[in-house]
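Note sheet for the following structure.
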Number of protein chains: 2
Amino acid sequence: MQPDAYDPACPTRLVLDRIADKWAVLVLGLLAGRPTRFNAIRRAVPGLSQKVLAETLRRLERDGLLTRTAFATVPVTVEYALTPLGETLAETVDALRVWAETHIGAVQSAQRAYDSRLVEGAA
Amino acid sequence: MQPDAYDPACPTRLVLDRIADKWAVLVLGLLAGRPTRFNAIRRAVPGLSQKVLAETLRRLERDGLLTRTAFATVPVTVEYALTPLGETLAETVDALRVWAETHIGAVQSAQRAYDSRLVEGAA
DNA sequence: GATAGCTGGTTTCCGTCGGAAACCGGAACA
DNA sequence: TGTTCCGGTTTCCGACGGAAACCAGCTATC
């Protein structure tokens, strides 16, 4: 059986659901190439709550995309680093971030045009 | 000012939030290269409800990623097609789907390993 | 003539999920 | 003694997503 992300019974769909997530995309992009500690990630991604970050990291760890390493320092520091598998995904999801940053102008002008058309229609 | 998806005040973040969405990824991948009607999309993406599909399509239309064309047939048919901008995004998000289908095996074995480690720890 | 079915939605309802904030223990520091 | 830092967990509430019903207009079937 070949994977088919369009088949809800296929595990590929579950994986896609998880990596097509705004927080996962940002975290993966951030960890690419440089291991980072919990609070450092949190500071680098404003708006991401501790709870959701902890859950996101645990899911990514379960999927074999990153490793969690605790150091017996005081206080305990925990470092998250991408696995080789995670690095391959990071490249892919980073393309999404690059697309957003590249085409943001076109998207915003499309939004303005759409909204002004709505106002016309309502008038 | 350069776009920065990690800045919550930057509109790039809003765009990224939207395209890093599981349903948007599947819909964009489906529409790539071939205009499709509303119910055809719904049938091709099981699990996607009418409400969420309608909302997703309207947001993508607002972002200038696809066009909505109504034909005066009986009953009225509505066709959704990617814009050139949407096509460039479709290529990018399709890489996500391809990644998922390619590495699903590695992810699943990582999950099994993670879960069995948990069971050990609990015992 | 009534019923079912197609089209593309909108509305209603409810469960789940995400975000905000409080709380945790332990140690250094003032 | 109180504060800060670490990495979380817990609690609470509002918002969002999914399931299903409902809608109008026309057609094909019985």
Side-chain angles (χ1 to χ4, degrees), chain A residues 5-9 13-27 30-31 35-62 66-81 114 118 121-122, chain B residues 6-9 13-27 30-31 34-62 66-81 114 118 121-122:
Chain A
Y6 290 95
D7 175 6
R13 172 75 158 263
L14 298 176
V15 174
L16 184 63
D17 288 356
R18 216 162 275 170
I19 63 180
D21 168 66
K22 57 175 179 174
W23 296 130
V25 166
L26 290 171
V27 169
L30 193 70
L31 291 184
T36 313
R37 284 179 303 105
F38 186 89
N39 278 335
I41 299 173
R42 206 160 70 81
R43 277 189 293 265
V45 188
L48 174 54
S49 72
Q50 291 186 338
K51 185 181 80 169
V52 174
L53 174 56
E55 290 168 350
T56 301
L57 289 171
R58 219 172 307 118
R59 270 178 283 144
L60 294 176
E61 186 194 359
R62 177 170 182 263
L66 54 79
T67 56
R68 178 186 183 279
T69 311
F71 295 96
T73 55
V74 167
V76 176
T77 57
V78 178
E79 196 171 80
Y80 292 90
Y114 183 93
L118 274 194
Chain B
Y6 289 94
D7 176 6
R13 171 75 160 265
L14 298 174
V15 173
L16 184 63
D17 289 357
R18 216 163 274 169
I19 63 181
D21 168 66
K22 57 176 180 174
W23 296 128
V25 166
L26 290 171
V27 168
L30 193 70
L31 291 184
R34 64 196 118 119
T36 312
R37 286 179 302 104
F38 185 89
N39 277 335
I41 299 174
R42 208 161 69 82
R43 277 188 293 265
V45 188
L48 174 54
S49 72
Q50 290 187 337
K51 186 181 79 168
V52 175
L53 175 56
E55 290 168 350
T56 301
L57 289 172
R58 219 173 304 119
R59 271 178 285 146
L60 293 175
E61 186 194 358
R62 177 168 181 267
L66 53 80
T67 57
R68 178 186 184 277
T69 312
F71 295 96
T73 54
V74 166
V76 176
T77 56
V78 178
E79 196 171 81
Y80 292 90
Y114 183 93
L118 275 194

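Because the structure is predicted, anything quoted here is derived from the model rather than measured. Chain letters run A, B, ... following the sequence lines, proteins first and then strands; every chain starts at 1.
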Checklist entry - Which residues satisfy the salt bridge (charged side-chain N to carboxylate O under 4.0 Å, His left out) test with A:Arg42, sequence neighbours excluded? => result none
Item to check | Listed partners of B:Arg18 passing salt bridge (charged side-chain N to carboxylate O under 4.0 Å, His left out), at least two apart | outcome: B:Asp63
Using a 4.0 Å heavy-atom cut-off across all strands, classify [X] as base, sugar-phosphate, or nothing.
X: B:Arg59; answer: nothing
X: A:Tyr80; answer: sugar-phosphate
X: A:Arg42; answer: nothing

Next on the checklist: Is it the case that the side chain of A:Thr36 and the backbone of A:Ala40 share a donor-acceptor pair, with hydrogens and angles ignored and the cut-off at 3.5 Å?
Outcome noted: no
Checklist entry - 5' to 3' on DNA chain C, which nucleotides open and close the contacts with chain B (atom under 4.0 Å from a heavy atom)? => result C:dC6 to C:dT12
Spacing of [X] atom [atom1] relative to [N] atom [atom2], expressed in whole Å:
X: A:Glu79; N: D:dG7; atom1: CD; atom2: P; answer: 10 Å
X: B:Phe38; N: D:dC23; atom1: CZ; atom2: P; answer: 18 Å
X: A:Arg37; N: D:dG7; atom1: CZ; atom2: C1'; answer: 10 Å
X: A:Gln50; N: D:dG7; atom1: CD; atom2: P; answer: 10 Å

Determine whether [X] and [Y] make a side-chain contact, defined as any pair of heavy atoms from C-beta on separated by less than 4.5 Å.
X: B:Tyr6; Y: A:Leu26; value: yes
X: A:Leu53; Y: A:Val45; value: no
X: B:Glu55; Y: B:Lys51; value: yes
X: A:Asn39; Y: A:Arg43; value: yes
X: A:Leu48; Y: A:Val27; value: yes
X: B:Arg37; Y: B:Phe71; value: no

Next on the checklist: Pick the closest DNA chain D nucleotide for A:Val78 and for A:Glu55 by heavy atoms, then say which residue is nearer the 5' end.
Outcome noted: A:Val78
Checklist entry - Who passes side chain to side chain donor-acceptor pair (under 3.5 Å) against B:Arg68, sequence neighbours left out? => result B:Tyr80
Checklist entry - Counting just side-chain N and O atoms, does A:Arg68 come under 4.0 Å of either OP1 or OP2 of D:dG8? => result yes
Checklist outcome for this item: Between B:Ala40 and B:Lys51, whichever has its closest DNA chain C nucleotide further toward 5' is B:Ala40
Checklist entry - When rounded to the nearest 0.5 angstrom, what is the spacing between CD in A:Gln50 and CD1 in A:Ile41? => result 12.0 Å
Checklist entry - In residues 18-27 of chain B, which residues come under 4.0 Å of DNA chain C by heavy atom? => result none
Heteroatom pairs (N/O) under 3.5 angstrom, protein to nucleotides 24-26 of chain D:
none

